[in-house]
Participant: 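Sharing a structure here in structure tokens format.
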Amino acid sequence: MIESSALFIAAKPIIQKIIDHGYEAYFVGGAVRDSLLNKPVSDVDIATSATPLEIKAIFTKTFDVGIEHGTVLVYEQGVGYEITTFRTESNYEDFRHPSSVSFVRSLEEDLKRRDFTINALALSIDDRVIDYFGGQEDLARQLLRSVGLAQERFSEDALRMFRAIRFVSQLDFAVDPETIEAIRLLKANLSHVAVERIQVEWVKTLVGPARNRAIKLLVDTGLYEYCPKLADQKENLLSFSENTFPQLSTFQAWVLLCHYLGFHSENVRPFLKAWKLSNKVLDETQAGLGLLHERFTRKWNFFMAFSHPLHVSLEVEALLPSLGYQDESQFLENVYKELPIESLKQLAFNGKDIQELLNLKKSGPIIGQSLTYLKNAVLNQEVKNTKEDLQDYLLSADFIKNLYH
Ligand code: ATP
Ligand code: MG
């Protein structure tokens, strides 16, 4: 199976080249785990005994992406590969950043610093799996277990506790009791971790196939108490974890989460800001939440269709059955097909036309007001979208008539 993965095959010449220069190099991390699970592999990481400078001397096209952590990006045949020097980390005084990173020449040392046994596997160029901590056995038993003592490992880096939740969602594995106990004990340390790092794991948790089990574990361990604005949301999180929608997109995940947490489009922004979402995601989530709630009380109409892109509407619509409402995607698509206009630009009477019609010297608020008035009329099917009809319609509007009195 591993051999048949195109990504590994493509990357083998890189490993070979490093070996030819007298160093060790292996595939490591998630790609090894996923290929052993017969899951699709999206990117491969390479670990090596060569230092970043030594790697840069071997390859012609390299890019420093995190050289202080030992990572160099190498380009071969147009594809970028992250190559990271074997390293150990020590003295995590603040529960989040190693105070020093030392490069080492030993693969075992490097694997020892990794979070879980299933993530601490390496694969050699001749397809041997290197497994110092029983990772393959844990894969077979479907068990998530810390490398070494869970308490120690979570004290070094508190994010690992949340990563455990994330891997439960992605893999639907059980968690070793000692690892769970360590989360219960050290959960408060999560508050020292940058929200951006937690967010990455939270999104992966929300979109994973076993998110409900993962969210239950998040609640059960008490780790949720130290997540942004979740501390008082225990019951709502548990309700969310009963939702039967199979696998959410990132967009759907935020919308559905916010719905279960009791937010509305008017008051959701502080929550999303606390999770450090980009303005784009924030706006999209807010709009999606508004649309979801609008659908609880209203059938699809031209106004709703005009206000949201079709793909967004379909994603929101798909959530409805899991909330006890009927999915009317077919009807929705027909509404979009029959939309008289898809944007203001498609109005047959534009701002310039209005300016001329009203004989205005320069553009003013009346133009925007007129455009909105015409758009609403077209969407309400009170007037046809032709230049003449729109002109007559506008001239008969009270707010326009009043201009001349
Ligand atoms: P994914 O497929 O979602 O990328 P992954 O296992 O590759 O999963 P990454 O976050 O990309 O996860 O990390 C790559 C590898 O680096 C992990 O498999 C693990 O060995 C190691 N790792 C990442 N974060 C940590 C951490 N906080 N503590 C210890 N090891 C870590
Ligand atoms: Mg990865």
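Values in this document were obtained by computation on a predicted structure and should not be read as measured data. Atoms considered below: every heavy atom in the structure, side chains included; atoms not considered: hydrogens, waters and symmetry mates. All ligand and atom numbering here is 1-based and tracks the order in the structure.
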Participant: Check ligand 1 against Arg113 and write out every atom of the ligand that is under 4.0 Å from a heavy-atom position of the residue.
Facilitator: 29 (C), 30 (N)
Participant: At what distance is the nearest protein heavy atom to atom 6 (O) of ligand 1, and which residue and atom is it?
Facilitator: Arg33 NH1, 2.7 Å
Participant: Should one rank Val28, Thr84, Asn119 by closest heavy-atom distance to atom 18 (O) of ligand 1, which comes out on top?
Facilitator: Asn119
Participant: Step by step, would you call Phe86 with Phe103 a ring pair (Phe, Tyr, Trp, His ring centres under 6.0 Å)?
Facilitator: CA-CA 6 Å; Phe86 297 158; Phe103 299 142; over 10 Å; no
Participant: For ligand 1, is there an N or O atom under 3.5 Å from any N or O atom of Asp45?
Facilitator: no
Participant: Considering only the protein, which heavy-atom contact is closest to atom 28 (N) of ligand 1, and what is its distance?
Facilitator: Arg160 NE, 2.6 Å
Participant: Does Asp131 form a side chain to side chain contact (heavy atoms under 4.5 Å, CB included) with Thr117? I'd like the steps, not just the answer.
Facilitator: CA-CA 8 Å; Asp131 179 8; Thr117 60; over 6 Å; no
Participant: Output the list of atoms in ligand 1 that are nearer than 4.0 Å to some heavy atom of Gly29, sorted by atom number.
Facilitator: 18 (O)
Participant: Can you tell me which portion of Leu159 lies within the under-4.0 Å heavy-atom range of ligand 1? Options are side chain, backbone, both, or neither.
Facilitator: neither
Participant: Would you say Glu201 has any N or O atom under 3.5 Å from an N or O of ligand 1, going by distance alone?
Facilitator: no
Participant: Less than 6.0 Å separating the ring centroids of His264 and His259?
Facilitator: no
Participant: Under 4.0 Å from any heavy atom of Arg166, which atoms of ligand 1 are there?
Facilitator: 1 (P), 3 (O), 8 (O), 10 (O), 12 (O)
Participant: Short list, please: which atoms of ligand 1 are under 4.0 Å from a heavy atom of Gly30?
Facilitator: 5 (P), 6 (O), 7 (O), 18 (O)
Participant: Apply side chain to side chain contact (heavy atoms under 4.5 Å, CB included) to the pair Ser155 and Leu186, showing each step before the final yes or no.
Facilitator: CA-CA 7 Å; Ser155 309; Leu186 297 168; 3.6 Å; yes
Participant: Which residue owns the protein heavy atom closest to atom 10 (O) of ligand 1, what's the atom, and how far is it?
Facilitator: Arg163 NH1, 2.9 Å
Participant: Give the residue and atom name of whichever protein heavy atom lies nearest to atom 15 (C) of ligand 1, and the separation in Å to one decimal.
Facilitator: Arg114 NH1, 3.7 Å
Participant: Do Lys299 and Phe331 meet the cation-pi criteria used here (NZ or CZ under 6.0 Å from the six-membered ring centre, within 45° of the axis)?
Facilitator: yes
Participant: Between the main-chain N or O of Glu235 and the side-chain N or O of Ser239, is there a donor-acceptor pair closer than 3.5 Å?
Facilitator: yes
Participant: What is the nearest protein non-hydrogen atom to atom 27 (N) of ligand 1, stated with its residue, atom name and distance?
Facilitator: Asp157 OD2, 2.9 Å
Participant: For Ile183, does its backbone N or O pair with a side-chain atom of Thr221 as donor and acceptor, under 3.5 Å?
Facilitator: no
Participant: Under 4.0 Å from any heavy atom of Lys204, which atoms of ligand 1 are there?
Facilitator: 3 (O), 4 (O)
Participant: Using ring centroids (six-membered ring only for Trp), state whether Phe167 and Phe173 fall under 6.0 Å.
Facilitator: no
Participant: Around atom 19 (C) of ligand 1, find the nearest protein heavy atom and jot down its residue, atom name and distance.
Facilitator: Asp115 OD1, 3.6 Å
Participant: Under 4.0 Å from atom 2 (O) of ligand 1, do we find at least one protein heavy atom?
Facilitator: yes
Participant: Do any N or O atoms from the side chain of Glu294 and from the backbone of Leu291 form a donor-acceptor pair under 3.5 angstrom?
Facilitator: no
Participant: Would you confirm whether the ring centroid of Phe8 sits within less than 6.0 angstrom of the ring centroid of Phe27?
Facilitator: yes
